[in-house]
J.: 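Can you keep this structure in mind? I'll have questions shortly.
On a predicted model such as this, the values are computed, not experimentally measured, just so you know. In what follows, chains carry the letters A, B, and so on, assigned in the order in which the sequence lines appear, proteins first and then strands, with residues in each chain numbered from 1. Note: hydrogens, waters and symmetry copies are ignored here, and every other heavy atom, side chains too, is used.
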Amino acid sequence: MLTRIRNSPPRYWLVVVVILFFIGLPTVISSFQASEWAQVLVLAIAIMGLNILVGYSGQISLGHGAFMAIGAYTFAILIHRYRMNYLVAIPLAGLLTGGIGFLFGVPALRLSALYLALATFALAVVTPSLIKRPAELTGGVQGIILPPVDPPPAAGAAFTALTGTPMTSDQWIYYLTLAFALVLFWLAWNLVRHRAGRAMRAVRDGEVAAAASGVNIAGYKTLAFGISALYAGIAGALFGLAVGFVSPDTFPVSLSIQLLVGAVVGGLASIPGPLIGAIFAYFLPIESNQWVPAQTWIPSQIASTVEKAGPAVTYGVVLILIMIFAPNGVVGLVTAGYARLRRRLRGAADRENGQMPPDPQTV
Amino acid sequence: MQELLQQVVSGIATGGIFASLALALVLIYNAMGLVNFAQGEMAMLATFVALALIDHGMNYWIAFPVTLVIAFAGGIAIERVVIRPVERAPILTLVIVTLGLATLINGLAGFIFGYVPRAFPSPFPVQTVNILGALASYQDLGVIAVSAVVLLAIYLLLQHTTVGLTMRAAAHHPEASRLLGVRVSWMLALGWGLASAVGSVSGIMVAPILLLQPNMMQTIIIYAFAAAVLGGIESPIGAVVGGVIVGVTVNLAGVYLPFVGGDLQLAVALAIIVGVLVLKPNGLFGRPSVRRV
C-alpha cells in the first residue's frame with residue numbers, strides 16, 4: 001500500500017492538492033465568494049458533460065445550455081410543486097435530462113457534424129421562448145423562485161468547529177456542489193479510461209474503422225449524448241439551487257457559448273480541462289467589469305458598454321486564437337511544455353554523465 | 001381570403017430577407033463545406049456601417065452599394081486573417097472559429113455602436129398598394145424587389161461569368177483547378193467576400209422592421225439556417241425557394257395558429273430544421289451525397 005502511494009505518478013499528488021484546495025477554500029474566503037466558486041463548479045460539471053460529448057465522442061453540441069435549462073426546471077418544479085427534498089430532486093433532474101439527451105441522440109445519429117451543430121445551435125436560441133410557453137408549469141417569464149436551503153446540523157457543526165463561524169447557506173451549497181463535482185469527475189475519469197471511453201474515442205477518430213472492429217457506433221454515440229445531458233442536467237439543478245431561482249433568461253444562447261468556450265479553453269478530451277475552462281469562463285465576464293476604473297471622468301454610458309461588450313469580445317478573440325494556435329487548450333499547452341522540459345532536463349543529465357541521449361530517429 | 005393574400009405577400013417579403021442570408025450561407029458552404037455561424041453578425045455590422053454612412057448625409061441609394069463594397073472587402077479580410085490559418089482543420093475547429101467570430105463581431109458592434117436600438121431609414125413609402133384585392137405595403141414590395149435583384153445578380157455572376165465558373169470549379173475540384181492555374185485559396189476569399197455582401201443585404205432590409213442593435217440578426221440567422229437546410233444547403237436556388245417557403249410558413253403560422261402566436265415563430269424554424277434534417281437531409285434541391293468508405 002505504502003509503496004503504491006509512493007510510486008504513484010506525480011499527477012496523482014496534484015489531484016490530491018487540488019481537492020484539498022477546494023475543500024479548504026470556503027474557510028478562507030467570504031460566504032459570497034463561496035457562492036461564486038459554487039457556480040464555477042456548476043459550470044465545471046456542465047463543461048465536463050460537453051467535453052465527454054465533443055471531446056471524447058466527437059459529436060458537436062452548441063446547445064448544451066438547453067440541457068442545463070431542462071435540469072434546472074425539472075429540479076425547480078419538483079421542489080416547488082411536489083415539495084420534494086432537494087437532495088433527491090438533484091439526481092432525479094439529472095436522470096430525466098439524461099433520458100431526454102439519450103432520446104435526442106437518436107435523431108442526431110443521422111446528422112453530420114455540421115448539421116448537428118446547426119440544429120443544436122437553433123435549439124439553444126429557441127429554448128428561452130419554449131420555456132415561457134407552458135406558463136402554469138414553468139412560471140412563464142417570471143420563472144420559479146426556490147426556497148433557501150439550510151445546512152444540515154452535522155455539517156454546520158463541523159464547519160463551526162473548524163472556522164469558528166456558523167455555516168451559511170451559500171457555503172453549504174458550495175460543499176454540496178463540490179461533492180457532486182468530485183463524484184462526476186471521478187466517474188468521467190473512469191469512463192474515458194475504460195471500454196466505453198475507448199469505444200467513443202475510436203468512433204471519434206475513425207467511424208468506419210471502429211465499426212469494422214465491432215464497436216456499436218449508434219449505441220456509443222447515443223450513450224455519449226445521454227451521459228453528457230445527465231451532467232448538464234445535474235449542473236442545471238445545482239445552478240438553480242445556487243442562484244435561488246430559475247427563469248427563461250437564465251438560459252440564453254450565450255450560456256451555451258460560455259460552456260463551449262470553457263471546454264475549448266481548458267482543452268477538449270482532457271479531465272482537468274473542464275475545471276480550468278470553468279474558472280476562465282466564469283470569472284472573465286466578472287473581471288471584465290473592473291477593466292474600466294470607476295473614474296468620474298469616464299461617462300457611465302461608456303463604462304456600461306465596455307462592461308457588456310468586454311466579455312463577448314474577449315470570448316471571441318480567445319476562441320479564435322485557441323483554435324488557431326493551441327487546439328488542445330490550456331491542458332494541451334501545459335502537457336506539451338512539461339514533456340519538452342523533461343526531455344531537455346533528461347538530456348542535460350545524460351550529457352553530464354558523458355552519455356548522449358538516444359537519437360529518436362534510430363530508436 | 002384577402003387577409004391571407006396579404007399575409008402571403010408580407011411572408012414573401014420576409015422570405016426575401018431570409019433568402020439573402022441563406023444564399024450567403026450557401027456560398028460559403030459551397031466554397032469550403034462550412035456553415036458560417038458568423039454570417040448574421042457580419043450582416044449586422046455591415047448594417048451599422050450603412051447607418052453611419054446615411055447619418056453622415058449620404059443618400060440611401062448611394063450608401064447601399066457602398067456598404068456592399070465595404071462588406072465585400074470585410075468578408076475577404078476576415079477570410080484571410082481568421083479562416084485561412086484553419087482552412088484545412090477539422091470541421092469542429094472551423095465551426096468553433098466562426099462561432100468565436102460571431103461572438104467577437106457582436107461584442108465589437110456593441111462596443112462601437114452601443115446596445116440602444118436605433119431606427120433605420122427605409123427608402124420605401126409607408127403607403128399600401130392594392131394588388132388583386134390585397135393590400136400590400138410598398139415596404140414589402142420594395143424588399144421583394146431588392147432581394148430579387150440581388151439574387152438574380154448572384155445567379156448571373158455564378159452561372160454566366162468566368163469568375164463564377166472559376167469559383168465553382170475551385171469549390172468542386174480544388175486539385176484540378178490548381179493544376180489549371182486557378183488560385184484556389186483566393187477563390188475561397190472571394191466566396192467569403194461575396195457571401196458577406198449578399199448577407200448584408202438582408203441586414204439592411206430587415207433593420208427598418210426590427211430596429212438596429214447588435215443582437216438583431218440572432219433570430220434571422222436561425223430562419224436563414226432553416227431556409228438553407230430546406231433548400232438543400234449546397235443549392236443557391238434552393239436557398240431562395242427555401243427562404244420564401246420559410247418566410248410564408250412562419251408568417252402564416254404566427255397569424256393563424258393560436259398556439260404559435262408571435263413568440264413561438266422561431267420554434268417553427270427549429271421544427272423545419274429538425275424535420276428536414278431527419279426526414280430529407282438533402283433538402284428540396286440538394287443532391288444526395290455519396291461517401292466512399
J.: Return the minimal non-hydrogen interatomic distance between A:L319 and B:G100, and the atom names on each side.
T.: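 Residues A:L319 and B:G100, closest heavy atoms: CD1-CA, 3.6 Å.
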
J.: Looking at A:A113, A:A108, A:A117, which has the largest count of heavy-atom pairs under 4.5 Å with chain B?
T.: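 Maximum pair count with chain B is reached by A:A117.
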
J.: Report which part of A:L130 has an atom under 4.5 Å of a heavy atom belonging to chain B: side chain, backbone, both, or neither.
T.: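 Interface part for A:L130: both.
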
J.: Check whether A:L268 gets within reach of chain B through its side chain, its backbone, both or neither, counting any heavy atom under 4.5 Å.
T.: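 Side chain of A:L268 only, per the 4.5 Å heavy-atom cut-off to chain B.
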
J.: Examine whether an atom of B:L277 lies under 4.5 Å from a heavy atom of chain A, and if so say whether it belongs to the side chain, the backbone or both; otherwise answer neither.
T.: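 The answer is both parts of B:L277.
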
J.: Using side-chain contact (heavy atoms from CB on, under 4.5 Å), reason through A:L62 and B:V95 one step at a time and then give a plain yes or no.
T.: CA-CA 10 Å; A:L62 306 180; B:V95 165; 4.1 Å; yes

J.: Does B:I237, at its CD1 atom, have more than 12 non-hydrogen atoms belonging to other residues, nucleotides or ligands within less than 6.0 Å?
T.: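 For B:I237, atom CD1 is not crowded (no more than 12 foreign heavy atoms under 6.0 Å).
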
J.: Is it the side chain or the backbone of B:I273 that comes within 4.5 Å of chain A heavy atoms, both, or neither?
T.: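 For B:I273, the contact with chain A is made by the side chain alone.
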
J.: A:L114, A:V318, A:I60: which one forms the most heavy-atom pairs within less than 4.5 Å of chain B?
T.: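 If we count pairs closer than 4.5 Å to chain B, A:L114 comes out on top.
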
J.: B:T103 vs A:V261, test: side-chain contact (heavy atoms from CB on, under 4.5 Å). Steps then yes/no.
T.: CA-CA 11 Å; B:T103 320; A:V261 170; over 6 Å; no

J.: I'd like to know which of B:G33, B:P214, B:A102, B:G107 tops the heavy-atom pair count under 4.5 Å against chain A.
T.: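 Highest number of heavy-atom pairs under 4.5 Å: B:G107.
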
J.: Could you give the distance from CD1 (B:I83) to CD1 (A:I320), rounded to the nearest 0.5 Å?
T.: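 Here the interatomic distance stands at 7.5 Å.
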
J.: Return the CG to OG1 distance between B:L104 and A:T314, rounded to the nearest 0.5 Å.
T.: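 B:L104 atom CG to A:T314 atom OG1 measures 9.5 Å (nearest 0.5 Å).
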
J.: If you look at every heavy atom in B:L270 and A:A122, which pair is closest and at what distance?
T.: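 Minimum heavy-atom contact is CD1-CB, 3.5 Å.
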
J.: Using side-chain heavy atoms (C-beta onward) and a distance below 4.5 Å, is A:Y115 in contact with B:V35?
T.: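 Sidechains of B:V35 and A:Y115: no contact.
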
J.: Could you tell me which portion of A:V125 (side chain, backbone, both or neither) has an atom closer than 4.5 angstrom to a non-hydrogen atom of chain B?
T.: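 Both parts, backbone and side chain.
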
J.: Give the minimum heavy-atom separation between B:L99 and A:L260, together with the two atoms involved.
T.: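 So the two residues come closest at CD1-CD2, 3.5 Å.
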
J.: Looking at B:V229, B:L34, B:L92, B:V86, which one has more heavy-atom pairs under 4.5 Å with chain A than the rest?
T.: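 When all of B:V229, B:L34, B:L92, B:V86 are compared, B:L92 has the most.
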
J.: Most heavy-atom pairs under 4.5 angstrom with chain A, which of B:I233, B:L94, B:V274, B:T98?
T.: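 If we count pairs closer than 4.5 Å to chain A, B:I233 comes out on top.
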
J.: Please classify the contact of A:V253 with chain B as side chain, backbone, both or neither, using a heavy-atom distance under 4.5 Å.
T.: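 Just the side chain, heavy atoms under 4.5 Å.
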
J.: Counting only non-hydrogen atoms closer than 4.5 Å, does B:L101 touch chain A with its backbone (N, CA, C, O), its side chain (CB onward), both, or neither?
T.: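 Both parts, backbone and side chain.
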
